[in-house]
Every structure is written in structure tokens, then in C-alpha cells.
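Data first, discussion second: the structure below is written as C-alpha cells.
Numbered from 1 within each chain, the chains take letters A, B, ... in sequence-line order. Side chains are part of it too, since the values below use all heavy atoms of this structure and drop only hydrogens, waters and symmetry mates.
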There are 2 protein chains.
Amino acid sequence: MTDSVDRGKAPNIRDVARLAGVSHQTVSRVLNDHPSIRDSTRQRVLDVMNDLQYRPNRAARALVTSRSRTIGVLASQRSQYGPSSIIQSIESAAQDAGYLVSTANITKTDESSILTALNHLNAQAIEGLVIIAPQVRVFRAISNLDLRVPFVTMNTSEGTDDHAIAVDQVAGARLATRHLIELGHRNIYHLAGPQDWIEAEARMRGFLEEMNAQDVPTTAPILGDWSAEFGYYAGRELMRVRDFTAIFSSNDQMALGLMHAIRDAGQDVPHDVSIVGFDDIPEAAHFWPPLTTVKQDFPELGRRCVAQLLGTMDDQAAGYTGRIQPELIVRASTARPSF
Amino acid sequence: MTDSVDRGKAPNIRDVARLAGVSHQTVSRVLNDHPSIRDSTRQRVLDVMNDLQYRPNRAARALVTSRSRTIGVLASQRSQYGPSSIIQSIESAAQDAGYLVSTANITKTDESSILTALNHLNAQAIEGLVIIAPQVRVFRAISNLDLRVPFVTMNTSEGTDDHAIAVDQVAGARLATRHLIELGHRNIYHLAGPQDWIEAEARMRGFLEEMNAQDVPTTAPILGDWSAEFGYYAGRELMRVRDFTAIFSSNDQMALGLMHAIRDAGQDVPHDVSIVGFDDIPEAAHFWPPLTTVKQDFPELGRRCVAQLLGTMDDQAAGYTGRIQPELIVRASTARPSF
DNA sequence: TGAATCCATGTGCACGGTCACATCCGCGCC
DNA sequence: GGCGCGGATGTGACCGTGCACATGGATTCA
């Protein structure tokens, strides 16, 4: 009678304790891998847990430890390949470490939508934050709010370098640019990402650095919005001028739009114009022509994020300091200029 | 002295109560919009909350109410455009309703990885479940586990229709197929998705139904894996045969791969082969040639999911019964056959 | 042999909310 | 004037877990 478990209510540690003939604290110790538990006792408890289909109550645990075991992710453009791959790998890494992930998305880029997102995360009592929407104003909003939470960002920015886990975007952009220069191009445009995105800025910087290093004169980059749509319209405008033989696009989608516009203008890629993208989305190999691009290891990026964040949270020295080196993938969208 | 709030600890309702000169229960009532609170009292409490930067503790609330206010999402292929768009809209809809979203991803398709994912969600004490990985075996695993949680799935399958919120995949596939037939094609292949995906099956069914309805003889569909890569290799095989003038691909990525292979074989899309995709990913308009495809309203799908799920959870009649109608987007990848 | 130490386990309370129930007060009505 | 009633608020218990501390027995060592 006293042994019977109430129907319709999940069992708790006291139920387990009673059936195993120990105190609730012993059960708790088994749950937390406390060293000084006799093997026979542990086994008995585990058996009862199994019988009862016992699952620890996360809320109760969070309440008493005041640790939510949740990390927040602040993202934007979530449906794009890069962000979504990263989120996926963050989530699986966090899950392995026993953490939950709560994401908040920024749709509009205004200050208030950033605040809404951060407040949402704050309400979850997150213990750490990964920022995948590395816009300058996001950092501003964070320091204004002073959420006292360790955070990690995917990309470097002045003043936040402690937190940065980066694919070396600058190096990637230099690879792409160097490739074009080595092919013989001298009139190269850069179609950049949105102005306030840190990775857009880094890629732009890499482009300019390499151009300068090789003594090639540059024109001002065009600021885009990452979308194929924008690339297409930018390409239409550019094709009116035609004072270039190559374009380095800050991501693959815009590169796709560019190639579309170039064909529409009756020109050929790569014969008339060479195109390089960035990211190496899975589709890039099948674009027409297959796109030369810079490959980022998104899954690895996500894993490192979590590793570093958990490290910071536990006040450990945060292992990974090195950047992930991106890789140039040469495909058919680049060739020697045709003069 | 007694009024001072401990530093380093988040304020709780009792702190608020003390400073507002009321009982903790009154504070709780303010939090929960209880009707019988005098306006002046409410305002006083709200002011104190504001001063203290009070945030209700989700864990404590979850503990006492035994409601986690969390809904789970079981996904697969998360980094692809469709799933990630849906997840994004689910998340924002859930957030609006005061719910948290916890996602679990299935990478491998074996039974055990499904169980792992479901267990992960189960450990969160989710109150509802959205299934975006509508593989047949997922349903089997769910009924085996008998998680007593209401769930919703994106696509219909025999026996689970109560839970289905569907874009009418069959209708979409029929639209695509009819378009090809009306252009005059008679030898049409279908490149389907993985066998055990319910949406793949539905699109295949739509294809076959329409072909039958129009008395066009069909060949057995080819089973793919959704990737552009697969589309490419399938295309290479198909180009050896060349007994067709059109292919209906079950998604845009595979269509992209097909077009790549067709060009590699020296043939032209749409002159020699017409191609139709499915999904209308943002890049599809800029493929070469721009892809004729069937557009799904992913964000709406996500919103409905949440609406229906919350409805079911509150035992309300679950509003939306109608399917979302997909739309054919005709672009340059389809034309009359060239004989 | 007794004190110190360590191991294995138990006891009671705290965490921050909500719920059921109690209380107090003012008002209308017979 | 007494009674009932409902609005506004207070009191104490409880949710499931972990922590600090207590306990008792075995072992070690002076």
C-alpha cells in the first residue's frame, strides 16, 4: 500500500528512495555521481529508477541549484545555410554537455528587436550566450543591458576579442582575392555583406588587404544584404559598367544572383567575368557554373563555440584560441581573364 | 536594513512584496493578472518590480505548476531551407505564446537515434511536440514510447491524420505534374525523396495520381536523398538513357543537381529537358535556368503548427483543419518539348 | 584503548513560485 | 441591526531537488 506509486504523477526521488529502501539524499547522490556510494546501493537505486521510469525534474533542479543549464543563442537569418548549420551543431554539442539551447531570432535590425530578443533569452535565465548575429549594434545593446552572462561570438570585432571564436574571415577573403589576382585579374569588384555585420566587414577587410598587398588598385565595395536577390540586382547595375573582369562576393547566395545577372546580360561566367563566393553551401558545387568559393567549417564552429562558452562558464582557461582556417575551393566560376 | 535587498541574488516575489508593503501572494496575483487586485496596489507592485529589475523564476513556476511551458521539435536536415524556416517560425510563434522551444535533431535515420532525440525531449518535460522529420519510423517510435504528449506533424500519414497540419503535398505535386503534361510532355520522370519520408511519399503519390488522371504512362520514381549531390549523380545516370523530356524533382536542391548533370551531358534545360522542383527556396529564382517549382509557405506552416498544438494542449477545438495550398511558380526551366 | 579520520548514509531546510483556504472589510438588504 | 456576500488581501503548505550538517560504523594510529 505504502509502496504503491501514485498513478498520474511522475515519480520523484523520494518515491525511488522509498522503494529502494534508502533516503532521498542517497538517490540524489546516485544521480549526481557522488563517489562515496556503495556499488550495491547504487545498483539498487538505479534498478528502481528504471522500474519507475524515473526522470529527474529539471525545474526542481534548476530551482535549487539556481542553474538553468541553458545557453542562449542570438541569431539572425536563421533560415540561411550558415546560421542554421551553426545552430544545429551548437545544439548537439550543448545537448552532449547536458545543456539546453534557447534561441532568439532577430528579424528586423533595429535596436528594439535586439532588446526583445535579449529579454527573451534573459527570461530563460541563460548561463551563457552565443551570438551568431554579429552586428555591431548587437554588441552595443549587450553592453547597455549589462547582462551578466559570459558570451561568445563567432567573429572578431574590436573590443570583444576575448569572446571571439572565429573562422579567420580575413584570411578567407584574402585567399579568394589572391586567387583572382593570381589568375591575372586586375579589375576586381567586391560585393560585401551588410555594413554592420562583423563578418561582412572582416571579409571586406581581407579583400582590401590583399588587393593592397599585391598593389592592385581597388574600387569601393558594394554593400549587399546576403540575398541572391540582391546579388542579381547588383549584378544588373554592374553589367552596365563592365569595367571589371572578376567579382568577389561575400557569400554564395549573392554570387548566385550575380551569375544570373551576368548571363542575363549575355556575358559568360567565367569567360567574361570570374566569380568567387564565400561559405561553400552544399548547392554551390552545382550552380552554373559550379562556384569557386571559400569553405567554412560551420559544424566545427558550433562545437568550438560551445566548448569555449562552457569553459568560460566554469572559469577554465578556454581552450581553443586559434582561428579555424577556411579553405579555397576552386571550381569553374573562375578563370584567367579573356583579353 | 531589513528593506535592503541582498546583493548578488536575484530578487524574488517576497522581496518585491516587502518593498511594496504587501504579501507575496499579492505579488503573485499581479504576475498572473488576477482580476481582484486594486489598481493602486497593482501599480505599486509593478513599480517595485521595475525598480528591482524583478524577473519571475521560470524554474520555480514550472516546479509548482508542473508545467514546463516548453514545446519540443523533432527535426532532421535542420540546416536545409525548409526545416530551418519552419523551425524559425515555430519558435517565434511559441515565444509569442509564452512557450519555449526545445529542438532535437535526428542525424542518422536509425531507430536508436530517434529514441535518443525523443528521450532528450522527454527529459525537458515538453508539453507538446512538433514533428518535422516525418519519417514513418518516427511515428512508430513515438507510439512505442507512448510519450503522453500531444503532437502535431507537418504531413499526413495514414493513421495519424488527427495530428496533421499539411501543406497539401499531393496537390502541389499534381500542379507540378499537370504543368508538365499541359506543356506537352509525355515522358516524365520523378525524382523522389527518401522512401520513408512522408512528404516524399505524398509528392510521389501526387505525381502518380496526376499522371494516371491524364492517362500518361509512368515509370518508377527514383528515390533520392534530397541533396543536390544526389540529383547530380541521378542526372548523370538518367542522361545515359534519355527516354524522357521532363523531370519532376521532389525538391529544389535535387533539381539543381539534375540541371547540372544535364548541362554536363551537353543538353539544354529547358530545350531538351524540362525540370520542375519543389519548395521554392530563395535561390531557386536565380538558378540557371531559373527553376519552375512549387512554393510552400513555410512560415505559415510553422505558425499553424504552434496554434494547433496549443489548441490541442488546452483541449480546445483545434482551429485550422484546412490544408495550406501550395502554389506553382513557373520560371524558365520548363518549356514545350522540342520535337 | 581511545581519539582521529574516513566512508556511507540520513535529516531537515532552502529554493521561488502557486494553490487552497482563511480573514477582513464594506455594502446592500430584509 | 444582523446577515450574507463578494472583493481585496494574507497565511501556510507544497512542488522535487541539492546542500549543509549530523550520524554511526569501520579503520587507522599513537
If you round to the nearest 0.5 Å, how far is [atom2] of [Y] from [atom1] of [X]?
| X | Y | atom1 | atom2 | answer |
| --- | --- | --- | --- | --- |
| A:S92 | B:H120 | OG | NE2 | 10.0 Å |
| A:T116 | A:I106 | OG1 | CD1 | 9.5 Å |
| B:R14 | B:H24 | CZ | NE2 | 4.5 Å |

Exercise for the section: Mind checking B:R67 for me? I need base, sugar-phosphate or nothing, with any heavy atom below 4.0 Å counting as a touch. Expected result: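 Counting heavy atoms under 4.0 Å across all strands, no contact is made by B:R67.
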Practice task
Assign B:V22 to base, sugar-phosphate, or nothing according to its heavy-atom contacts below 4.0 angstrom with the strands shown.
Solution key: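 Counting heavy atoms under 4.0 Å across all strands, the contact made by B:V22 is with sugar-phosphate only.
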Distance in angstrom units between [X] [atom1] and [N] [atom2], rounded:
| X | N | atom1 | atom2 | answer |
| --- | --- | --- | --- | --- |
| A:D15 | D:dG16 | CG | C1' | 10 Å |
| A:L63 | C:dC15 | CG | P | 9 Å |
| A:R61 | C:dG16 | CZ | P | 18 Å |
| B:H34 | D:dT9 | NE2 | C1' | 10 Å |
| A:M49 | D:dG16 | CE | P | 15 Å |
| B:N57 | C:dA14 | CG | P | 17 Å |
| B:I13 | C:dG17 | CD1 | P | 5 Å |

Exercise for the section: Using only side-chain N and O atoms of A:N12, determine if any of them is under 4.0 Å from OP1 or OP2 of D:dG16. Expected result: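 Yes, A:N12 has a side-chain N/O under 4.0 Å of OP1/OP2 on D:dG16.
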Problem - side-chain N/O B:K9 vs C:dC15 OP1/OP2, d < 4.0 Å - result: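 For C:dC15, OP1/OP2 do not have a side-chain N/O of B:K9 under 4.0 Å.
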Exercise for the section: Check DNA chain C against residues 36-46 of chain A and give the residues with a non-hydrogen atom under 4.0 Å, in numerical order. Expected result: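 The stretch gives A:S36, A:I37, A:R38, A:T41 as the residues lying under 4.0 Å from the strand, ordered by number.
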For residues 54-70 of chain A, which side-chain donor-acceptor pairs fall under 3.5 Å, sequence neighbours excluded?
from	atom 1	to	atom 2	distance (Å)
A:N57	OD1	A:A59	N	2.8
A:N57	OD1	A:A60	N	3.0
A:R58	NH1	B:Q124	OE1	3.4
A:R58	NH2	A:R69	O	3.4
A:R58	NH2	A:G98	O	3.4
A:T65	OG1	A:R61	O	2.7
A:T65	OG1	A:R67	N	3.3
A:R67	NE	A:E127	OE1	3.1
A:R67	NH2	A:Y99	OH	2.7
A:R67	NH2	A:E127	OE1	2.6
A:S68	OG	A:T70	N	3.3
A:S68	OG	A:A125	O	2.5
A:T70	OG1	A:S68	O	3.1

Practice task
Salt-bridge test for B:D15 and B:R18: reply yes if a basic N is under 4.0 Å from a carboxylate O, no otherwise.
Solution key: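 Yes, B:D15 and B:R18 are salt-bridged.
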Check whether [X] reaches the backbone of [Y] with its side chain - one donor and one acceptor, N or O, closer than 3.5 Å.
| X | Y | answer |
| --- | --- | --- |
| A:R44 | A:A20 | yes |
| B:N32 | B:R29 | no |
| A:S84 | B:S79 | yes |
| B:T312 | B:Q308 | yes |

Exercise for the section: Confirm from the modelled atom types if A:R14 and D:dG16 form a donor-acceptor pair under 3.5 Å, side chain to base only. Expected result: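 Per atom types, no contact qualifies.
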Which pairs, protein N/O on one side and nucleotides 19-25 of chain D N/O on the other, fall under 3.5 Å?
from	atom 1	to	atom 2	distance (Å)
D:dC19	N4	A:Q25	OE1	2.6

